[in-house]
Amino acid sequence: MNNNKLISLVAEVLKLPPANVTDTLAMGQVESWDSLKHMELVVAIETGYGLELTFDEIVAMKSVGDIRKVLAAHGKA
Amino acid sequence: MNLTGKKVLLTGGVRGLGRATVEKLVAKGATVCVFDIDTTGLTELAQQVPGVGAIQCDVSSADDVARAMGQYHEQYRCADVLVNNAGILSSAPLVRITPTGIETHDINLWNKTLAINLTSVFLMTSAVVSRMVTTRTRGVIVNISSVSAGGNAGQSAYSAAKAGVNALTATWAKELSLLGIRVIAIAPGFTETESTKQAVSEQVLKETISRVPLRRLGRAEEIAQAVVAAVENDFFNGKTWAVDGGLVI
């Protein structure tokens, strides 16, 4: 369920087909995932999961897999 | 934003609009620190307005901004509000016909005006916003622009610098709003300050006043009031608010 939620969220923000959103998808791999879009993703995650990310977590989220690890640390996995 | 207890960093706060804004912010319960190049003025300000922090800084110098911001962050951790007020008024036409020929706008005056009025805004904002981002502070950047940003004869450098300030205001609002950081600008019209008296002749001032629908110059405390109101209104963002008595309509 949460897996689908994260995939939907990333796909919507990065304007990608959900099928293309895998754990290995990382910043720099797709043109749409630039630094500005990354902040949009951060806000979408914070809003979608009802949490506030620290700066270190924001920087650590370099791939969908990394985002999943950060969410797990917040008990949202 | 409720200013009570908020940390405000203001540049060029020793006199004029900056000084009036400092007093207004302090009255609102903000913790204010001023960056200014005038060491003597800073000492007097700290004595006259108790509780105001004072750090000497040439805001047009990248090295000096880095040094002063280090000092600021050590003492205050992170600003909630930055008011980019430091600036100089400069007036010179693009070309001037003299008895000996044609003189063009002095390049040193151009560079100095751009450095103090525009580059300083870039240097200060990038330093403050970096800290806001790392601490997840949802703050406000206030840029003091001018109605001259629309183009004012005899003020090439000043007008260009202030137009640049307006552009940065819109650009940064688009970049930073997602992070909860608002970026706004206040564009005063002609205001009763020492710098206006020094930069604009009495004749030009008289002519200007005749073009202001309210038929008077603005007062520093009216501009300061606008700064406070713009910070307090959480839906005001990315725009430049002209506080000019209706000069530009």
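Below, chains carry the letters A, B, ... as their sequence lines are ordered, and counting in each starts from 1. These numbers come from the heavy atoms of this one structure, side chains and all, not from hydrogens, waters or symmetry mates. Remember, it's a predicted structure, so these values are computed and weren't measured experimentally.
- If you take CG on B/L179 and CE on A/M39, they are separated by 4.0 Å, rounding to the nearest 0.5 Å.
- By the 4.0 Å N-to-carboxylate-O rule, B/R136 lies too far from A/E57 to be salt-bridged with it.
- In this structure, the side chains of A/L36 and B/K174 stay at 4.5 Å or more apart for every pair of heavy atoms.
- With contacts defined as side-chain heavy-atom distances shorter than 4.5 Å, the pair A/F55/B/T135 does not qualify.
- Enclosure of atom CD in A/E46 by more than 12 non-hydrogen atoms of other residues, nucleotides or ligands within 6.0 angstrom is indicated.
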Determine whether A/E52 and B/R138 satisfy the following criterion, salt bridge (charged side-chain N to carboxylate O under 4.0 Å, His left out), listing intermediate values before the conclusion. CA-CA 12 Å; A/E52 182 162 312; B/R138 287 158 174 79; 3.6 Å; yes

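- Contact of A/L53 with chain B is made through backbone and side chain together, with heavy-atom distances under 4.5 Å.
- Within 6.0 Å of OH on B/Y76 lie more than 12 heavy atoms contributed by other residues, nucleotides or ligands.
- Taking a 6.0 Å sphere around CD of A/E31, one finds it holds 12 or fewer heavy atoms contributed by other residues, nucleotides or ligands.
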